[in-house]
Amino acid sequence: LFPHSVSAMNSVGAIFRRLNRYEESIEILKRALEENKDTATVNYTLGFTYREMKLYDEAIECFEQVVSENPNDVLAYNHLGSIQASRGEHIKALQSYNRALQIDKNHPILHYNSALSYMALGKLEQAKLSFENALRTKPGWIEAMVDYADLLIGLNKNKEAQDLLFQAQKLNAE
């Protein structure tokens, strides 16, 4: 009915991605970009599709386009950071996460991802602070609690780790 609807094309592209029909997702999203409307939203969806396909260069290009159009897109910075971290580029990842944290200082996923990159760089005290921030903003987050406990054990803070794991166990017996 509306062959030039960018919103509809973007939604269909996202559906194709969820169905693992990546080529069809890319095809319709590129058609949506040709309309030159709401390109940040379409590039976000396209970047997410490329990320799922592990086509990281293309995904980074899309997410960089998103933040050039909308410098306050916290999730685009998070995706950039996650891709950079998956490539072992933890300093770049931290720059992306920190840029997003300037926009939303209470975003638990950004703090959590920062903690993982700090750990990868051996910056354990910064990782500790990031885990604490993640759990302050999202109390009871089991995955973060378990990863933080691992860090505490590495810092020889076994009692703190044990207490944290007992808390996690009370929240989820598994």
Side-chain angles (χ1 to χ4, degrees), residues 10-11 13-30 32-33 38-139 141-155 164:
N10 189 63
S11 294
I15 291 167
F16 280 144
R17 181 190 70 238
R18 289 183 186 103
L19 294 172
N20 298 324
R21 292 168 57 181
Y22 300 121
E23 297 305 323
E24 291 164 289
S25 175
I26 291 168
E27 180 183 324
I28 198 161
L29 293 169
K30 285 185 175 181
L33 286 174
D38 202 11
T39 55
T41 301
V42 176
N43 269 310
Y44 182 90
T45 305
L46 185 58
F48 203 98
T49 300
Y50 283 135
R51 181 178 173 199
E52 290 287 310
M53 297 173 71
K54 298 188 179 359
L55 296 173
Y56 296 133
D57 290 336
E58 292 85 345
I60 285 174
E61 189 176 311
C62 289
F63 290 122
E64 285 177 343
Q65 184 64 38
V66 171
V67 296
S68 75
E69 291 179 44
N70 180 6
N72 293 324
D73 193 314
V74 171
L75 295 178
Y77 283 112
N78 182 60
H79 284 300
L80 280 170
S82 294
I83 293 166
Q84 292 158 336
S86 72
R87 293 174 146 187
E89 299 170 348
H90 293 285
I91 292 172
K92 281 185 180 180
L94 285 167
Q95 290 169 346
S96 295
Y97 300 141
N98 287 331
R99 175 64 183 102
L101 285 166
Q102 290 172 0
I103 300 162
D104 182 356
K105 67 180 179 176
N106 293 316
H107 200 290
I109 294 170
L110 292 168
H111 286 295
Y112 175 77
N113 286 341
S114 294
L116 297 178
S117 281
Y118 281 127
M119 284 179 63
L121 292 170
K123 297 182 177 189
L124 304 184
E125 286 303 318
Q126 290 98 324
K128 183 178 184 297
L129 291 173
S130 292
F131 275 126
E132 289 168 358
N133 285 329
L135 290 169
R136 178 183 47 77
T137 57
K138 187 177 178 182
W141 184 4
I142 300 297
E143 182 181 9
M145 294 171 86
V146 170
D147 288 345
Y148 183 28
D150 285 342
L151 171 67
L152 291 171
I153 291 168
L155 292 171
L164 186 61

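Heavy-atom basis, side chains included; hydrogens, waters and symmetry copies ignored. Heads up: numbering here begins at 1 and tracks the sequence.
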Derivation and outcome, side chain to side chain donor-acceptor pair (under 3.5 Å), residues Asp147 and Tyr112: CA-CA 9 Å; Asp147 288 345; Tyr112 175 77; 2.4 Å; yes
Verdict with supporting geometry, His107 and Leu75, side-chain contact (heavy atoms from CB on, under 4.5 Å): CA-CA 10 Å; His107 200 290; Leu75 295 178; 4.0 Å; yes
Criterion side-chain contact (heavy atoms from CB on, under 4.5 Å) on Asn10 and Asp38, from CA distance to verdict: CA-CA 10 Å; Asn10 189 63; Asp38 202 11; over 6 Å; no
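With a 4.5 Å cut-off on side-chain heavy atoms, Lys128 and Leu152 count as touching. Between Glu58 and Leu46, every side-chain heavy-atom pair lies at or beyond the 4.5 Å cut-off. Considering only heavy atoms from C-beta on, Thr39 stays 4.5 Å or farther from Val42 through its side chain. Counting only heavy atoms from C-beta outward, the side chains of Met53 and Ile26 approach each other to under 4.5 Å. Asp57 is listed as a side-chain neighbour of Arg87, based on a closest heavy-atom distance under 4.5 Å.
Atoms OG and CD, on Ser96 and Glu64 in that order, are 8.0 Å from each other to the nearest 0.5 Å. Atom CG of Leu121 is separated from atom OH of Tyr118 by 9.0 Å, given to the nearest 0.5 angstrom. Atom OH of Tyr50 and atom CD1 of Ile83 lie 12.5 Å apart (nearest 0.5 Å). Summarising the geometry, atom NZ belonging to Lys30 is positioned 11.0 Å from atom OG belonging to Ser25; distances are rounded to the nearest 0.5 Å. Here the CD-NZ distance, from Gln126 to Lys123, works out to 6.0 Å after rounding to the nearest 0.5 Å. Note that NZ of Lys138 and CE of Met145 are 12.0 Å apart. Values are rounded to the nearest 0.5 Å.
Here the shortest heavy-atom pairing between Leu135 and Trp141 reads CD2-O, 3.7 Å. The two atoms that bring Ala85 and Tyr97 nearest to each other are CB-OH, 4.0 Å, heavy atoms only. Of all heavy-atom pairs spanning Leu110 and Ala100, the tightest one is CD1-CB, 3.4 Å. When every heavy atom of Asp104 is checked against every heavy atom of Val74, the shortest pair comes out as CB-CG2, 4.1 Å. Closest heavy-atom contact between Ala76 and Val67: CB-CG1, 3.7 Å. Nearest heavy-atom pair across Arg99 and Asn72 is NH2-OD1, 4.3 Å.
Under a cut-off of 6.0 angstrom, the local environment of CD in Glu61 is sparse, with at most 12 non-hydrogen atoms contributed by other residues, nucleotides or ligands. Within a 6.0 Å sphere centred on CD1 of Ile91, other residues, nucleotides and ligands contribute 12 heavy atoms or fewer. For Glu52, the CD atom counts as densely surrounded, since its 6.0 Å shell holds more than 12 non-hydrogen atoms of other residues, nucleotides or ligands.
His111 places a side-chain N or O within 3.5 Å of a backbone atom of Lys105 that can act as its donor or acceptor partner. Looking at Ser82, its side chain does come within 3.5 Å of a backbone N or O of Asn78 through a donor-acceptor pair.
A salt bridge does not link Arg136 to Glu132: none of the charged side-chain nitrogens sits closer than 4.0 Å to a carboxylate oxygen.
Side-chain polar atoms of Asn20 and Tyr22 form a donor-acceptor pair below 3.5 angstrom. A side-chain N or O of Glu69 and one of Gln65 form a donor-acceptor pair less than 3.5 Å apart.
Between Phe63 and Tyr44, the gap from one ring centroid to the other is short of 6.0 Å.
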